[in-house]
Amino acid sequence: MANYKITLLKGDGIGPEIVNQAVKVLDKAAEKFGFGVEYDEALLGGCAIDATGVPLPDETVAKCKASDSVILGAVGGPKWDTLPGNKRPEAGLLGIRGALGLFANLRPSVIFGPLKSASPIKDDIIGDNMDIMIVRELTGGIYFGERGRKEVEGQPAAWDTEMYTVPEIERIARVAFDLAMKRNKKLTSVDKANVLESSRLWRETVINVSKDYPEVELNHMYVDNCAMQLVRNPKQFDVIVTSNIFGDILSDEASMIAGSIGMLASASLSEGKLGLYEPIHGSAPDIAGLGIANPLATILSVAMMLRYSLNQPKAAEAIEAAVAKTLETNRTPDIYEDGMNKVSCEEMGDLVCAAL
Ligand code: IPM
Ligand code: MG
């Protein structure tokens, strides 16, 4: 029987509540599909700052590296907002992405049928099965480039650097082409090649990689146009591949098109099997501890983990189906609609387990 070691980074705010529900669902899936799961916990973000003085303790990196996969809740909160940049909880998040080599960030934007009315975009524009996969480069570009402060003509100034190497672009492009091959074979590469040299290299490199994927229809789009096209006609997209910062921005936009940010999962993958799985929403400190957080994005992140890192596709599908079924009649407050059964974070976890 396969036995997996999972590190839990519960983090801050609603992180612990939502991860606890995801663990419950994973345990249930393990029982049903005949595999074992062992958990270990480690600190990341604000809770790590409070306990150890740094947002990413060495011990956390070591534990994650020794595991098959990592589940992350969320990090950050007002308590740590005034700390300097490299001491903030977010620095822990960037640090763990770098330390584990998590270069490929998969952010699906899908609409669960019963939630269609939650999207601010008109029904006929979204269509019946909006399903976009954003592939964001996660360990390069301006997030990891050199930065600093200096003086220009006697005035204080600051600078950041966007730089990509060909191998960095090639490996993220391959992830995106491989995904497109398993989906509708359409890939949109997003850049700003009319202005940025790094984007011109990005585009050239993606075109070179495309020669290995003759079946995939590749097109290129400037990032400003893509932001517009996402609301104008989201149905035109299948897989989108883009840089770290453009992916950060476009994935927030795409999540809103899908209705509720409380529903969307993500996977961050390395060159090996190790992946980090987290909801794309934040730590929601305003509702932490009230028991009303929506655990579904984290539960769906577990499904992604089963699919991409643990090679248990049947269990992944079963969890996704259980979530869809549960949503037919039950809602947490963030996605509540008249006539539905309003449930707590914990009840939602229990209902998904029951549906499984
Ligand atoms: C995300 C977040 C992070 C990012 C922040 C919290 C550093 O916005 O995962 O999209 O910009 O990558
Ligand atoms: Mg973001």
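One-based numbering, in listed order, for ligands and for the atoms of each.
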For Asn194, enumerate each residue passing the side chain to side chain contact (heavy atoms under 4.5 Å, CB included) test, keeping only those at least two apart in sequence or located in another chain. Lys192, Tyr222

Nearest candidate to atom 1 (C) of ligand 1, where distance is taken over non-hydrogen atoms, out of Arg107, Glu90, His281: Arg107

Can you figure out which of Asp252, Ile280, Asp248 has its heavy atom closest to atom 8 (O) of ligand 1? Asp248

Suppose I only count heavy atoms of Arg136 and a 4.0 Å limit; which atoms of ligand 1 are within that range? 1 (C), 4 (C), 9 (O), 10 (O), 11 (O), 12 (O)

Test applied, side chain to side chain donor-acceptor pair (under 3.5 Å); reference residue, Arg307; option that passes from Glu320, Glu317, Gln312: Glu320

To the nearest 0.5 Å, atom CD1 of Ile335 lies from atom CG of Leu296 at 5.5 Å

Is the NZ or CZ atom of Arg136 positioned over Tyr143's six-membered ring, under 6.0 angstrom from the centre and within 45° of the axis? yes

Could you name each residue pair satisfying side-chain hydrogen bond (donor to acceptor under 3.5 Å, both in side chains) that touches residues 41-51, not counting sequence neighbours? Lys10-Glu41, Asp50-Lys79, Asp50-Trp80

Answer yes if the side chains of Asn105 and Arg107 hold a donor-acceptor pair under 3.5 Å, and no otherwise. yes

With a 4.5 Å cut-off on side-chain heavy atoms, are Val190 and Val241 touching? no

For a quick test of your reading: what N or O donor-acceptor pairs under 3.5 Å do the side chains of residues 345-356 make, sequence neighbours left out?
from: Glu347; atom 1: OE1; to: Ser344; atom 2: N; distance (Å): 2.8
from: Glu347; atom 1: OE1; to: Ser344; atom 2: OG; distance (Å): 3.4
from: Asp350; atom 1: OD1; to: Lys24; atom 2: NZ; distance (Å): 2.7

Could you grab the protein N, O or S atoms closer than 2.8 Å to the Mg ion (ligand 2) for me? Asp248 OD1

shortest atom 4 (C) of ligand 1-to-protein heavy-atom contact is with Tyr143 OH, 3.5 Å

Should Arg97 be listed as contacting ligand 1, given a heavy-atom distance under 4.0 Å as the test? yes

